[in-house]
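Letters A, B, ... mirror the listed sequences (proteins, then strands); counts begin at 1. In this text the structure is predicted, and so the values were computed from the model without any measurement. Below, all heavy atoms of this structure are taken into account, side chains as well, without hydrogens, waters or symmetry copies.
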There are 2 protein chains.
Amino acid sequence: MSTPQGARARARAEITAAIKDEARRQLASEGAAKLSLRAVARALGMVSSALYRYFPSRDDLLTALIVDAYDSLGEAAEAAHARAGGIVPPDRWVAVCEAVRGWALSHPHEYALIYGSPVPGYSAPQTTVPAAARVGNLLIAIVRDAYQGRGVARTPVPAELEPESRRIAADLAPDLPPEVTVALVAAWAQLYGLVGFEVFGQFNRLVEDREPFFRHAAARLAEGVGLVHAS
Amino acid sequence: MSTPQGARARARAEITAAIKDEARRQLASEGAAKLSLRAVARALGMVSSALYRYFPSRDDLLTALIVDAYDSLGEAAEAAHARAGGIVPPDRWVAVCEAVRGWALSHPHEYALIYGSPVPGYSAPQTTVPAAARVGNLLIAIVRDAYQGRGVARTPVPAELEPESRRIAADLAPDLPPEVTVALVAAWAQLYGLVGFEVFGQFNRLVEDREPFFRHAAARLAEGVGLVHAS
DNA sequence: TCGCAAGCGAGAGCACCGCTCTCACTTCCG
DNA sequence: CGGAAGTGAGAGCGGTGCTCTCGCTTGCGA
């Protein structure tokens, strides 16, 4: 994007961005299921068939939005992590969790897109993997930091889980004890359980004052991974 | 259903059931987004408009399927709970969790319907509430049982969460200590985080041997609620 | 510098969708 | 037994994703 090879290439980039912007707007207001190529084209003063010059199908447009959503979430989480730079690992963990929750609450449809039920026939291409990993990497980094500072309590894993725990550790963080990586993956999934229930309305009429509830749950999640306050 | 008031009423019940069956079949094979009234009607040898005599809209048909899904899940969980009748509470907890997971893995689209992203414009009517509560009630019952047997470890709740914890306890289980009900609600959400990640493919290429992983995570969830092995 | 291939937008059209309305026909109840 | 209510068929409305063709424009290579 720094080398505009020509007017046509620049126009193409601009129109592609405009399509994504309008699509994101419709996604935010109506949800993924009602995202319509024709409506996007209409809003842009184009005819629907012209859109296919930029995205070969509706699913490809959705994929682009998915990648963007992962990146947006990852960015929010990383910003929170950076802001919490000087803080002790358990509190940094909570800060990242709260950032995830905050982003999800302010982008519910995008959250649904990436962590809700997968879209009908379609499965996310490999393109999404690096963007999707950003939050996970952050959580790993926090635990690694604590571990190097000896601030991790280790809970043993049953024998039947031992091989799998070694596999997970090898994939995720070979420098961490396997049982810690198992707890980490579980906590990661559980975090999205908490966030998802709130975003999707499962807490309606059950939990009212959700922020302290979430903060407490996130803190206990941190304990589950072994992050302990040094004090 | 025990008093067939007439041929017409019986026919109506039968056709309604046939529609739901066919819809469920399409739901299982294609997912909620591709559930088409016209396709259901076609499979049944009817014309699409005739279907509206039985379900006023596609969303109403979906609602019926949602209630059925909640009931099916609740039934599976209750059956597992009954089978685990004589077992100590922490293990009964794990048994129910495993039943939820098992049901979700064998009914992924129905799971997505009830615990995935909510369908576009539509919000679940009150009709679904009792069916939706069945699993939760089971988990509450297990904890209550353990509590009456003094088998619950209580983790205090921060001051900022205390009012909310009392509110939750009043709603959910006034006979249990508020901090236990808070942990219970969190664990409930976290359970669906674990299950959802597995069903929706977030564990692909990350966790391979998922059954022991889940069993371990569920057991630690039980610990988080305060269920401890007496031994 | 010019010609031609590639890029692009418009439009028509296909098969599908949810949903509505009307019109016959049947069933059932007062 | 007659009228009201229930039922299914059919046509039709406006919408969808997607394809194909047709001209116009752009810009690269000879």
dG6(D) OP1/OP2 closer than 4.0 Å to side-chain N/O of Arg53(B) | no
Among dT7(D), dC19(C), dG17(D), the one nearest Tyr52(A) by side-chain distance | dG17(D)
Rounded distance (Å) that lies between atom P of dG11(C) and atom CG of Leu51(A) = 15 Å
Looking only at atom types and distance, does a side-chain atom of Arg220(A) sit under 3.5 Å from a main-chain N or O of Ala183(B), one as donor and one as acceptor?
-> no
Distance-only donor-acceptor test (3.5 Å): side chain Arg38(B), base dG18(C) | yes
Specify the separation, in whole Å, of atom CG of Leu35(A) and atom P of dC18(D).
-> 12 Å
Strand-adjacent residues in residues 39-49 of chain A, judged by heavy atoms under 4.0 Å from DNA chain C = Met46(A), Val47(A), Ser49(A)
Does Arg24(A) pair with Glu110(A) as a salt bridge, N-O distance under 4.0 Å?
-> no
Indicate the ring-plane relationship of Phe203(A) and Phe197(A), choosing parallel, tilted or perpendicular according to the 30° and 60° boundaries.
-> perpendicular
Length of the CD-P vector between Glu30(A) and dT16(D), whole Å | 12 Å
Could you state the NZ-P distance from Lys34(B) to dT16(D), rounded to the nearest angstrom?
-> 18 Å
Mapping Ser57(A) and Ile15(B) onto DNA chain D by nearest heavy atom, which one lands closer to the 5' end?
-> Ile15(B)
Answer yes or no: is there an ion pair linking Glu164(B) with Arg210(A), defined by an N-O contact shorter than 4.0 Å?
-> no
Short side-chain N/O contact from Tyr54(B) to OP1 or OP2 of dG6(D), under 4.0 Å = no
Is Arg167(A) salt-bridged to Glu208(B), going by a charged N under 4.0 Å from an acidic O?
-> no
For the pair made of CG in Asp59(B) and C1' in dC17(C), what is the distance, rounded to whole Å?
-> 14 Å
Taken to the nearest whole Å, CD/Glu14(A) to P/dG9(C) is 12 Å
Kindly point out which of dC8(C), dC17(C), dC18(D) is positioned nearest to the side chain of Arg12(A)?
-> dC8(C)
Aromatic rings Trp103(B) and His107(B): how do their planes relate, parallel, tilted or perpendicular, breaks at 30° and 60°?
-> parallel
Trace of the salt bridge (charged side-chain N to carboxylate O under 4.0 Å, His left out) decision for Arg101(B) with Glu198(B) | CA-CA 9 Å; Arg101(B) 170 179 178 264; Glu198(B) 184 167 348; 2.8 Å; yes
Atom CD1 of Ile19(B) and atom P of dG18(C): how far apart are they, to the nearest Å?
-> 13 Å
Spacing between Leu37(B) atom CG and dC19(C) atom C1', to the nearest angstrom | 9 Å
